[in-house]
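Below you'll find the structure, written out as structure tokens, and then a few comments.
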Amino acid sequence: FETISRGSSPAALTAPRPSAASASASAAAPAPVASPVVTSAAAAAAAAASNGHQSSPSARGAGAEQTVLVVGSSGNIGGEIVRQLRARGGLRVLEASRRASVASGQVPLDIADVASVRALDVALAGGIDHVVVCCGASTFGALETFDSGKWEGNCAGKLMAVSRLIVMLANGQEVKCLRAGGSVTVTTGQSARTVNRMWPGLALNNAGLDSFIRCCGVNPPRGVRINAVSPALVRETAEKAGLPLAGTVPAPEVAAKYLELILGNATGQVVDAGAQTVFEKSHQTS
């Protein structure tokens, strides 16, 4: 459910099972906060006019074609989101990657690089309506495997990179390609509230983003809806890594949660996909 830097192979994982710790973690997790629906089309249009931006289809009219940019489409979740969006029809779907080439037709973007994010205005001069983020790097390992520099790198790879991207897109000052009344949907993860000794880096990044989304999604600037999907371990990811499949969630089921948020009216929501279980034994590092 995210890129993980680690000191050992994920094959060291043991089969997950539901446990008292899992129930405790879920009980301790904050209940989803009811958030306001996106501002009206008229308000979005007014925001667009005052800031010199185009408005989203909700403000321009129901018949206007919407453009969706999927960042991280090479992964299991991102690839399935692209497939489902294109199958739906009536949408222009673009893909972004830090390894994009001219031949690929993809938009070059490294979310950890501010200059790369600012360059979106050139690459997407016609504007876009929705951004979906299926990337971000967290560092796998117990607390004793970190030093200050490695910990800062962990925070920068996902918590800072993703939250900064949201700030730049939603405010519409540094980056103007996202139309008023559009949306940003990002990927967090249920490691935010699943106790595992080897997941402090993952837990911080995902829990921080969950709280950030719930707060910044309340009356967001320019009517830009801000949401997240929080998946359990994706089945296809577990299969490729040779991990047990118990407690995993199929990528198509995860992707469907994104489409509901992209094309709906919700803002400030963190939506679960599947239910993460606690591993029977802690991961081991080499």
Side-chain angles (χ1 to χ4, degrees), residues 1-29 32 70-87 132-142 145 154 157-158 162 185-207 209-210 228-261 270-286:
F1 43 93
E2 65 187 295
T3 303
I4 303 174
S5 302
R6 55 186 178 271
S8 64
S9 167
L13 303 178
T14 55
R17 63 173 177 81
S19 68
S22 178
S24 174
S26 297
V70 180
V71 186
S73 59
S74 62
N76 291 312
I77 296 176
E80 182 60 26
I81 292 171
V82 168
R83 189 194 70 77
Q84 290 189 21
L85 286 170
R86 287 179 173 156
V132 185
V133 182
C134 302
C135 60
S138 295
T139 304
F140 172 93
T145 67
N154 170 74
K158 184 165 186 178
V162 174
T185 307
V186 305
T187 307
T188 61
Q190 293 176 29
S191 57
R193 56 184 188 273
T194 305
V195 178
N196 190 302
R197 185 173 183 273
M198 306 302 288
W199 287 1
L202 282 69
L204 174 80
N205 285 338
N206 290 321
L209 283 173
D210 282 353
V229 174
S230 178
L233 180 61
V234 175
R235 181 166 301 168
E236 291 79 359
T237 301
E239 287 174 342
K240 289 180 180 179
L243 302 177
L245 302 184
T248 59
V249 58
E253 182 179 327
V254 178
K257 300 291 186 181
Y258 287 83
L259 265 66
E260 293 173 5
L261 294 173
V270 178
V271 177
D272 281 353
Q276 184 68 51
T277 57
V278 177
F279 289 97
E280 184 175 1
K281 296 180 180 179
S282 181
H283 305 21
Q284 300 298 315
T285 55
S286 56

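Reckoned from all heavy atoms, side chains included, excluding hydrogens, waters and symmetry mates.
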Restricting to non-hydrogen atoms, name the atom on Ala238 and the atom on Pro244 that form the minimum distance, rounded to 0.1 Å.
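Between these two residues, the closest heavy atoms are CB-O, 4.0 Å.
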Tightest non-hydrogen contact, residues Val229 and Ala273, listed as CG1-CB, 4.2 Å
Listing, residues 73-83 side-chain donor-acceptor contacts under 3.5 Å, not counting sequence neighbours, or none:
from	atom 1	to	atom 2	distance (Å)
Ser73	OG	Glu95	OE1	2.6
Asn76	OD1	Lys240	NZ	3.2
Asn76	ND2	Thr237	OG1	2.9
Glu80	OE1	Arg83	NE	3.2
Glu80	OE2	Arg83	NE	3.0
Glu80	OE2	Arg83	NH2	2.7
Glu80	OE2	Gln84	NE2	3.0

Are any side-chain N or O atoms of Thr187 and backbone N or O atoms of Val133, one a donor and one an acceptor, separated by less than 3.5 Å?
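It does hold such a pair.
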With sequence neighbours left out, what residues match [X] under side chain to side chain contact (heavy atoms under 4.5 Å, CB included)?
| X | answer |
| --- | --- |
| Ala192 | Asn206, Ala207, Asp210 |
| Asp272 | Gln190, Arg193, Ser230 |
| Val249 | Ala232, Glu253, Val254 |
| Ala203 | none |

Could you tell me the separation between the OG1 atom of Thr139 and the CE atom of Met198, rounded to the nearest 0.5 Å?
12.0 Å
Knowing that exactly one of Val71, Val186, Thr188 qualifies, which makes a side-chain contact (heavy atoms from CB on, under 4.5 Å) with Val162?
Val186
Would you please name every residue forming a salt bridge (charged side-chain N to carboxylate O under 4.0 Å, His left out) with Glu236, sequence neighbours left out?
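Checked Glu236 against salt bridge (charged side-chain N to carboxylate O under 4.0 Å, His left out); zero matches.
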